[in-house]
Structure formats: C-alpha cells, structure tokens
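Notes for the one structure printed next.
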2 protein chains.
Amino acid sequence: MPIQTSSPSRKEREFIAREELILKHARRLLLEKGFQAWNMDQLAEAVEYSKGTLYQHFSSKEDLVLGVATQSLRQRADLFEQAATFQGRTRERCRAIGFACCEFAMAHPDYFHTDMLLKSSSFVEKASQERREAHAFEGMRCWRAVNTIIIEAMALGDLPKDRVTAEQATFALISVTVGSHIMSQEPNLKVFAGIKDQMQAVRLNQDLICDGLGWKPLLHEHDYRATDLRILKEIFPSASKWLKAA
Amino acid sequence: MPIQTSSPSRKEREFIAREELILKHARRLLLEKGFQAWNMDQLAEAVEYSKGTLYQHFSSKEDLVLGVATQSLRQRADLFEQAATFQGRTRERCRAIGFACCEFAMAHPDYFHTDMLLKSSSFVEKASQERREAHAFEGMRCWRAVNTIIIEAMALGDLPKDRVTAEQATFALISVTVGSHIMSQEPNLKVFAGIKDQMQAVRLNQDLICDGLGWKPLLHEHDYRATDLRILKEIFPSASKWLKAA
DNA sequence: TATAAATTTGACCAATGGTCAAAACTTGCC
DNA sequence: GGCAAGTTTTGACCATTGGTCAAATTTATA
C-alpha cells in the first residue's frame with residue numbers, strides 16, 4: 001500500500017468527517033440553547049459517540065465552541081471575499097460586503113453573541129492554541145477584505161485621505177457593523193429605535209459611517225437602490241427575500 | 001417605637017450595606033477573573049459571610065453579576081446626564097456624552113464584556129425579574145440622554161430631519177459607541193488598526209457618525225479641540241489624564 | 001432571664017466538565 | 001482462520017461548583 005502524503009487516508013477522512021458531525025450538532029445546541037444550557041453528555045448522545053471521543057477532537061467545551069465560531073467566521077470571510085469581487089465603484093463594493101455580512105448574520109443569528117463570549121479572556125484561554133490561531137486567521141480575512149477596498153478607494157480618490165488612515169476607516173466600518181448587529185438584536189432597543197428590519201438598520205449605520213468618511217459617491221449623490229438590486233442579483237441571487245429591503 | 005416608613009430601619013440599612021459589600025467584592029472578582037474563574041464559596045469567604053447569606057440577596061450567580069452590571073450602568077447614566085448639561089451647541093453636548101462614555105469605560109474596563117454576557121438569553125433568564133427591570137431602566141436613561149439631545153438638534157436645525165429619524169440617529173450613535181468600545185479592546189484589531197489610544201478611536205468613530213448624519217457644525221467646520229478642553233475642564237475636571245488626547 | 005422570632009450557617013446535593021483504565025476493535029502476520 | 005500487537009472507543013469515575021435547607025446562632029420581646 002503506497003503512502004499518500006497528499007490525500008488523507010480513510011482514517012483521516014473519517015476523523016475529519018466525525019469532527020464535522022460534532023461541530024454540526026454543537027452548533028445546533030448552541031443556537032437552540034446558548035452556551036450553558038447543554039452539556040457534553042447530551043452532545044455525545046446526539047452524535048452517537050462517547051464523551052471520551054469528543055475530547056479527542058476538542059480540548060474543552062470552550063475549544064469546541066471556538067471551533068463552531070471559526071467555521072462560521074470562515075463562511076463570513078468567504079462571503080466577504082466573494083462580495084468584494086462586485087463590479088462597481090469602491091463604495092459599491094464596500095456596500096456589497098455590507099450585504100454579505102447581513103446575509104451571514106441571517107444564516108447565523110447567534111454568531112455575534114457567541115463571538116462576544118469568545119472575547120472573554122477566561123473563555124478563550126481554555127481553547128487550544130491552534131483553534132485560536134485559526135479563528136484569528138479568518139478574522140484577518142474579513143478585515144483585509146474591507147481594508148483592501150478602502151486602500152483602493154483612497155488611491156482612486158473616492159475616499160479622502162486627509163481625515164483618517166485606511167486602517168482607521170476599516171476599524172470604523174467593522175466597529176459600527178458589529179455594534180449594530182449586536183444592538184439591533186436587543187429587544188428593548190428594537191422598541192425604542194422602532195427597528196422593523198434589523199439588517200436595514202445595520203446597513204443604514206454603515207452608510208452613515210461611509211458618508212462621514214466622505215466616501216464618494218455619497219448616499220444622496222447616487223442611486224444606491226439600483227446598486228442594491230445589482231448586488232442582490234449578482235452576488236446573492238438566492239437572497240430574494242431581500243428585494244423588499246433594497 | 002414609631003414605625004418609620006420613610007427612612008430605613010437599622011436592619012434595612014445593614015442589609016443594604018451588606019448587599020453593597022457583596023457587589024463590591026463580586027465586581028473585583030469579575031474584573032480580575034471574568035465570569036467563570038471564581039465561585040460563590042470564594043466570594044462568601046471574601047465578604048466574610050456564608051454562601052447561604054449571599055443567596056438571600058441574589059437568586060443566582062447570574063443575578064449577582066447582573067447586579068454588578070446595573071450598578072455600573074447606573075453610573076454610566078449618571079455621567080451621561082451630567083454631560084448632557086454641558087453648555088454649548090447640540091453636537092458639542094453630544095460630544096460631552098461621548099467623553100462621559102469614555103470616562104466610564106476607563107473606570108469600568110470590563111463593563112462592555114460583561115454586558116455582552118448579559119445579552120445571552122440563557123444568562124439573563126437566570127436573573128430575577130426585578131434586577132432585569134432595574135438594568136433596563138438604567139439602559140433607558142442612557143438612551144434618553146442621547147435621544148433628547150438629538151431631538152433638540154433636529155428641532156434647532158443642527159441635525160437634518162430628512163435623512164433619518166431621531167431614533168435611528170440615536171441607535172446609530174449607541175451602536176457605533178458600543179461596537180467601538182468592544183472592538184478597540186480586541187488585541188488583534190488593535191494591531192491591525194494601529195490603535196494607540198482606545199478612547200480616541202471610539203470618539204473618532206462617533207465623529208464619523210455625526211458627520212454622516214450631517215450634524216452641524218461638522219468636524220472641519222468648528223474648533224472641537226477647544227470644545228474638548230472645555231468639556232474636560234467643566235464636566236470632568238478630574239480627568240486630567242486626557243488632556244493629551246484632546 | 002426565658003421564650004419566640006429572625007437570621008446565619010455550612011454540610012449536603014445534583015449537575016457537569018473532564019480523565020483514564022479497561023474494553024472493543026483493527027491491523028498485520030502466519 | 002486465528003492470534004498478537006497496536007489503536008480507538010467507551011463510560012464509570014472524579015473534582016468542582018451552583019444552589020438548598022435543617023440546624024445553630026443571634027436578636028427581639030416579655
């Protein structure tokens with residue numbers, strides 16, 4: 001039997017498949033019950049392996065949850081990079097990423113809450129080094145997708161360079177996006193702010209930041225309704241549910 | 001002995017004092033170790049009361065943490081309302097609240113992380129109804145402090161009414177603020193974004209939102225450096241550490 | 001001081017994240 | 001097929017910890 005260094009052996013494939021099975025069920029439990037209201041015994045029963053086997057894949061419950069979050073974040077980065085290929089002016093491409101993030105948030109309604117959990121050092125310290133690095137890597141991909149467009153926008157003159165650096169602009173967009181996704185899920189705030197469509201609220205805040213940055217064309221200078229329809233058609237053809245929002 | 005309905009009896013005063021003692025030590029543990037890495041036995045030992053006594057004040061560990069967070073949030077609301085009295089144009093007063101929030105964030109470096117914990121339904125469900133209501137009340141005070149200024153700004157014509165409603169504007173400011181506070185604590189992002197002063201990063205993002213809203217006078221139309229010095233002198237005279245940032 | 005009421009205590013319980021020796025299974029050889 | 005060595009899986013078991021409650025202690029009252 002030849003040793004295949006390139007393609008994984010049957011054992012390795014089974015190991016990977018099982019890991020994905022575990023992650024799938026853990027994700028479901030996390031979505032249904034949050035972090036606390038399920039335990040490793042329940043998960044073991046759900047995946048039809050023993051608890052000991054779970055711990056061959058994940059060093060702790062926190063490590064497992066970080067694994068779930070990283071899987072999600074990878075999808076987010078994929079969507080960001082896909083959206084960045086949108087043909088149009090820089091601000092339109094940035095807008096496409098905004099849509100990508102909303103698409104992601106709808107597919108993963110618990111992601112931002114879980115991600116906030118991860119920001120507790122006491123939480124993330126219980127996860128393995130590798131998984132922490134994998135998570136940081138996917139986070140970097142998201143950052144870079146936005147940052148690249150902003151650098152290009154500055155080079156083209158769409159975005160003034162004298163107000164903020166490209167990095168400050170990227171940080172502003174990411175902050176407002178995460179903050180808006182979190183706050184728009186808050187029941188009290190939803191009532192106060194009269195939020196009917198959470199994703200629309202998020203994108204409005206992104207628009208405000210972009211206008212504040214002076215990113216041409218400004219909101220009132222361009223027919224972004226047409227852009228939105230193109231984004232939905234070209235980048236997210238499956239997201240027909242959004243047509244009303246655009 | 002006359003029954004005093006107005007002023008609390010000695011017993012009641014002792015009860016309140018003990019509750020504050022418990023909250024004080026719980027806050028310290030929370031700041032030092034996060035949520036998980038301390039237990040009720042350690043807290044009982046620290047306050048020199050038994051665990052049973054702790055549970056006469058708080059229905060669960062989560063209830064206790066919510067109590068700590070609400071105490072903090074009350075201070076935040078106090079600072080907001082104090083800052084709102086700043087004499088100046090509406091945007092300057094909003095800016096004063098921005099400073100208040102930074103002042104608060106420096107005094108409570110763990111607050112936003114804890115607050116994110118609270119947003120997990122599985123967490124807050126374990127807290128008592130009264131404490132949940134108390135927390136919502138203080139949150140509302142913060143919201144109102146901002147919202148009131150925005151309504152006034154729209155009435156005075158400082159803030160255009162045709163772009164967004166007062167509530168949308170308030171939501172945008174709160175979202176960017178919370179998002180920026182959280183993200184500016186993220187070590188990876190701090191490196192990518194080259195953040196040296198976290199609070200300055202937060203306030204820059206607030207400025208971008210205000211400019212995006214068209215809130216007069218815009219950043220480049222006014223000497224906000226002078227405003228900042230006045231805010232620090234008149235509202236936060238103790239915050240001399242900030243003079244460099246202003 | 002004696003009795004009753006109120007408060008405090010900490011041993012105890014149940015739940016749960018994590019471990020590891022033993023069982024079960026796979027592989028390779030004759 | 002049968003056996004032995006190696007590998008994987010298992011679940012009983014452990015330690016920790018949030019939460020309880022009957023007993024002990026303290027306080028108020030007569």
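Chain letters run A, B, ... following the sequence lines, proteins first and then strands; every chain starts at 1.
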Name all residues meeting the side-chain hydrogen bond (donor to acceptor under 3.5 Å, both in side chains) criterion together with B:S122; count only those two or more places apart in sequence or in a different chain, and write none if there are none.
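Scan of B:S122 (side-chain hydrogen bond (donor to acceptor under 3.5 Å, both in side chains), adjacent residues dropped) gives none.
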
Please list, by residue number, the residues of residues 49-68 of chain B whose heavy atoms come closer than 4.0 Å to an atom of DNA chain C; answer none if no residue qualifies.
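Close to the strand are B:Y49, B:S50, B:G52, B:T53, B:Q56.
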
Mind running salt bridge (Lys or Arg N to Asp or Glu O under 4.0 Å) on A:D110 and A:R27 for me, showing each step along the way?
CA-CA 10 Å; A:D110 61 330; A:R27 153 164 291 125; 6.0 Å; no

Check whether any side-chain heavy atom of [X] sits under 4.5 Å from a side-chain heavy atom of [Y], and report yes or no.
{"X": "A:E167", "Y": "B:F192", "answer": "no"}
{"X": "A:Q36", "Y": "B:S120", "answer": "no"}
{"X": "B:V202", "Y": "B:Q198", "answer": "no"}

In this structure, which one of A:V68, A:L30, A:V65, A:T70 forms a side chain to side chain contact (heavy atoms under 4.5 Å, CB included) with A:L23?
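Only one of A:V68, A:L30, A:V65, A:T70 forms a side chain to side chain contact (heavy atoms under 4.5 Å, CB included) with A:L23, namely A:V68.
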
Do the charged groups of A:K119 and A:D115 touch, with an N to O distance under 4.0 Å?
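A:D115 and A:K119: salt-bridged.
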
Please give, in whole Å, the distance from [N] [atom2] to [X] [atom1]?
{"X": "B:K126", "N": "D:dT17", "atom1": "NZ", "atom2": "C1'", "result": "12 Å"}
{"X": "A:N39", "N": "D:dT16", "atom1": "CG", "atom2": "C1'", "result": "15 Å"}
{"X": "A:E14", "N": "C:dT26", "atom1": "CD", "atom2": "P", "result": "9 Å"}
{"X": "B:E45", "N": "C:dT8", "atom1": "CD", "atom2": "P", "result": "19 Å"}
{"X": "B:M40", "N": "C:dG10", "atom1": "CE", "atom2": "C1'", "result": "14 Å"}

Below 30° counts as parallel, above 60° as perpendicular, anything between as tilted: where do the rings of B:Y111 and B:F104 land?
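Rings of B:Y111 and B:F104: perpendicular, as their planes differ by over 60°.
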
Closest-nucleotide ordering on DNA chain D, the 5'-leading residue of A:D41 and A:R18
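Nearer the 5' end of the strand: A:R18.
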
Pairs under 3.5 Å (N/O, protein and nucleotides 23-27 of chain D):
none

State, to 0.1 Å, how close B:F236 and B:A100 come at their nearest heavy-atom pair, and which atoms those are.
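Smallest interatomic distance, heavy atoms only, reads CZ-CA, 3.3 Å.
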
Looking only at heavy atoms, what is the nearest atom pair of B:L173 and B:V176, with distance?
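For B:L173 and B:V176, the tightest heavy-atom pair comes out as O-CG1, 3.3 Å.
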
Just checking, any donor-acceptor pair under 3.5 angstrom between side chains of A:E133 and A:Q129?
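Side-chain D/A pair, A:E133 to A:Q129: present.
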
If you take any heavy atom closer than 4.0 Å to DNA chain D, which residues from residues 21-37 of chain A end up in contact?
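Listed by number, there are none.
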
Which salt bridge (charged side-chain N to carboxylate O under 4.0 Å, His left out) pairs, counting each pair once, include a residue from residues 31-40 of chain A, with sequence neighbours left out?
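Listed by first then second residue: A:R28-A:E32.
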
Report the C-alpha separation of A:H108 and A:R76 in whole Å, then their side-chain angles, then the decisive distance to 0.1 Å, and conclude whether the side chain to side chain contact (heavy atoms under 4.5 Å, CB included) test is met.
CA-CA 10 Å; A:H108 302 266; A:R76 188 168 182 247; over 6 Å; no

Between the two end axes of the helix from C:dT1-D:dA30 to C:dC30-D:dG1, each built from 5 base pairs, what angle do you get to the nearest 10°?
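The helix from C:dT1-D:dA30 to C:dC30-D:dG1 shows an end-to-end axis angle of 10°.
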
